[in-house]
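A short worksheet on the structure shown next.
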Amino acid sequence: MLLLSYLLLSGVTTGALYALVALGIVVVNKATGVINFAHGELFMFSGFVAWSLHVGAGLAYPIALPLAVAAGFALGVATDRIAFRPLMKADVISLVLATVGIAFVLRGVARVIWGGKADYLAFPPITSPEPVMLGEIMVIPQQLAVLGGAIVVMLIFAAFFRLTRAGKMMQATADNAKAATLVGIRTERIYTLSFGTGAAIAAAAAVLMAPLTLLYPDMGFAFFIKGFAAAVLGGLTSLPGAVLGGLTIGVIEALAGGYIHSSFIEVSAFVVIMIVLIVRPTGLLGVSRVRRV
Amino acid sequence: MLAIRHLKVAYGITEVLRDVSFEVPQGRIVALLGGNGSGKTTVLNTLTGLVKPVSGSITFEGKECAGLAPDAIVRAGICQVPQGREVWPGMTVHDNLELGAATRRDWPGIRSDLAEIYAMFPKLADRKKRYAGSLSGGEQQMVAIGRALMARPRCLLMDEPSAGLAPAIVGDMVDTILALNRRGLTILLVEQNIGVAAAVAEFAHILQGGEIAFSGPAAGLVDNPAVLRSYLGR
Ligand SMILES: Nc1ncnc2c1ncn2[C@@H]1O[C@H](COP(=O)(O)OP(=O)(O)O)[C@@H](O)[C@H]1O
Ligand SMILES: [Mg+2]
């Protein structure tokens with residue numbers, strides 16, 4: 001019981017972070033039809049920006065967080081301007097390669113700025129690292145803080161997407177871009193907004209995660225793969241699917257690591273995804289869509 | 001008045017419109033007819049800026065519109081109800097209508113226009129919270145028309161609004177088009193259904209071979225077998 005509750009809580013916490021990474025991937029893919037392969041590096045870079053603001057410049061964590069999210073948004077906008085907008089009329093392969101290029105550039109720049117000192121930078125914990133017992137359940141306050149933060153980020157995003165005019169324009173552009181153009185929505189601006197929003201969510205995930213682990217310039221890819229897997233599991237264009245996919249992967253990893261062997265952490269999620277995709281090729285919450293040309 | 005002069009449009013090297021000229025006088029309904037693939041939709045898409053013309057001019061109320069961006073054309077007062085309706089299926093009826101006003105910021109005006117559209121299409125008022133994709137074809141057509149009206153256009157371009165509707169409700173579509181025109185809207189109507197075109201339009205132009213091949217009063221069309229046979233293939 002103690003082990004199970006511990007594994008579930010840490011699984012849900014990691015899963016919530018995967019879910020945020022996946023949300024960013026889905027937001028961009030829904031709007032533009034492109035997988036942003038620089039997404040993991042946007043996550044990593046924003047985490048380092050937060051480190052510089054919090055540890056380097058000594059800003060309080062609650063101030064460093066929104067600033068890093070803003071930096072993430074700006075990086076996402078830059079990705080759109082450099083890799084997407086000039087290539088919008090090109091084929092998907094060129095677009096994908098351009099995002100891969102951005103990923104390498106960000107990783108290189110991060111090594112130059114934050115590498116060297118030590119390969120791994122530690123982010124100070126925000127709360128006490130000591131576990132507390134809540135009745136039968138062992139709880140690590142830091143995990144609860146991260147989980148709570150991730151839920152808040154998801155709620156803010158859901159409210160933005162469902163209630164604001166800009167969010168509805170993003171939905172409309174994703175649903176049918178031609179119709180969006182016909183009512184006078186400037187879809188190229190919506191694509192920029194989607195890249196920015198996706199990266200901002202990734203940045204929030206990085207800043208929330210930072211106190212739980214170490215930062216290193218190559219961390220982006222590992223998180224990208226987990227987020228991408230979560231997104232695929234959820235159907236690639238479903239926002240609730242991304243959240244469900246992230247949580248599923250986080251929990252499966254934790255249970256496999258705890259009950260089988262720690263070497264199963266990395267593979268277990270992918271085994272499940274393969275099974276899900278064989279049974280339901282459109283993902284858990286995906287719908288098969290005919291793409292309009 | 002909407003005036004189209006010597007419009008030439010090509011997709012790559014395929015020229016679809018060679019030299020198209022016609023007018024839609026202020027406050028009138030004009031029909032644009034033609035066989036499948038004759039370029040009717042291309043004319044409308046060029047008017048709304050989705051397709052850039054090779055040459056030619058489009059003036060609306062004296063303002064040159066050829067080659068403008070789609071949002072600028074909506075702001076200039078022209079809005080299209082596209083072929084196949086193209087609603088946002090995953091969004092509610094209400095959100096579909098509201099976003100029709102994407103170019104506007106006069107919130108009180110937007111709210112009163114929404115109320116007016118719900119009054120005009122009471123069925124949509126009952127289905128505000130439903131996903132547009134779950135509605136019937138006729139209801140989706142109302143959403144598409146309502147959405148275009150939310151931009152407060154002075155000229156409405158309608159691309160085959162009766163296509164795919166149950167015969168029983170094609171008459172409602174005729175009434176809707178006439179009602180919109182009575183409110184002062186100038187309408188350019190593309191139709192496959194000659195009956196609908198003849199019932200609402202005063203004047204008709206037939207597109208063939210990239211040009212206007214025939215122009216005349218719309219009412220005479222249904223009684224003109226030669227025109228029907230040679231231009232529309234019936
Ligand atoms: N986006 C496009 N790219 C290339 N060719 C097109 C495109 N849209 C239409 N066409 C071609 O242009 C011609 C006219 O099409 P369209 O304007 O849709 O005709 P209509 O609406 O009268 O049926 C057709 O031969 C069609 O195949
Ligand atoms: Mg057509």
Side-chain angles (χ1 to χ4, degrees), chain A residues 23 26-27 29-33 85 88-91 158-194 234-242 282-283 285-293, chain B residues 11-12 41 44-45 47-51 68-92 94-105 107 110 129 131-134 140 143-153 156-159:
Chain A
L23 269 181
V26 169
V27 165
N29 182 55
K30 246 175 107 75
T32 65
R85 195 180 280 195
M88 217 144 68
K89 299 253 150 50
D91 55 319
F160 165 74
F161 198 64
R162 301 190 62 123
L163 302 179
T164 70
R165 192 182 223 197
K168 288 179 184 180
M169 287 182 176
M170 281 170 71
Q171 278 187 66
T173 305
D175 238 12
N176 184 336
K178 182 180 140 195
T181 307
L182 279 178
V183 299
I185 293 173
R186 297 176 63 171
T187 48
E188 73 285 352
R189 285 192 182 181
I190 300 298
Y191 298 142
T192 307
L193 182 63
S194 303
L236 257 185
T237 52
S238 163
L239 298 168
T282 55
L285 297 187
V287 282
S288 46
R289 297 210 318 181
V290 182
R291 277 202 83 83
R292 252 181 274 265
V293 190
Chain B
Y11 295 108
T41 298
L44 297 195
N45 284 347
L47 290 175
T48 40
L50 288 184
V51 176
L68 287 186
D71 65 298
I73 290 172
V74 172
R75 278 176 234 271
I78 301 177
C79 202
Q80 185 184 170
V81 183
Q83 185 168 13
R85 309 182 259 274
E86 310 257 9
V87 297
W88 294 300
M91 300 179 77
T92 62
H94 194 78
D95 285 348
N96 266 269
L97 294 177
E98 217 173 46
L99 274 188
T103 52
R104 296 170 59 187
R105 302 200 149 271
W107 310 112
I110 292 175
K129 297 266 173 276
Y131 285 116
S134 73
Q140 287 191 19
V143 172
I145 293 173
R147 181 178 64 183
L149 292 178
M150 285 302 292
R152 253 198 202 169
L156 197 63
L157 315 177
M158 306 181 82
D159 201 345

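Everything numeric in this text was worked out from a predicted model, so none of it was measured. In the text below, chain A, chain B and the rest are named by the order of the sequence lines, each starting its count at 1.
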Problem set entry | Heavy-atom pairs under 4.5 Å with chain A, option from B:Met150, B:Arg75, B:Gln80 with the top count |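 It is B:Gln80.
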
Exercise. Relative to chain A, which segment of B:Leu50 carries a heavy atom at a distance below 4.5 Å: side chain, backbone, both, or neither?
Worked result: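 Only the side chain of B:Leu50 comes within 4.5 Å of chain A.
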
Exercise. By a 4.5 Å heavy-atom criterion (distance strictly below it), what part of B:Ala72 contacts chain A: side chain, backbone, both, or neither?
Worked result: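 For B:Ala72, neither part sits under 4.5 Å from chain A.
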
A side-chain contact here means heavy atoms from C-beta on lying under 4.5 Å apart; do [X] and [Y] qualify?
X        : Y        : answer
A:Phe161 : A:Met170 : yes
B:Ile145 : B:Met158 : yes
A:Asn29  : A:Thr237 : yes

Exercise. Going by atom types only, do B:Thr41 and B:Asp159 share a side-chain donor-acceptor pair under 3.5 Å?
Worked result: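 Side-chain D/A pair, B:Thr41 to B:Asp159: present.
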
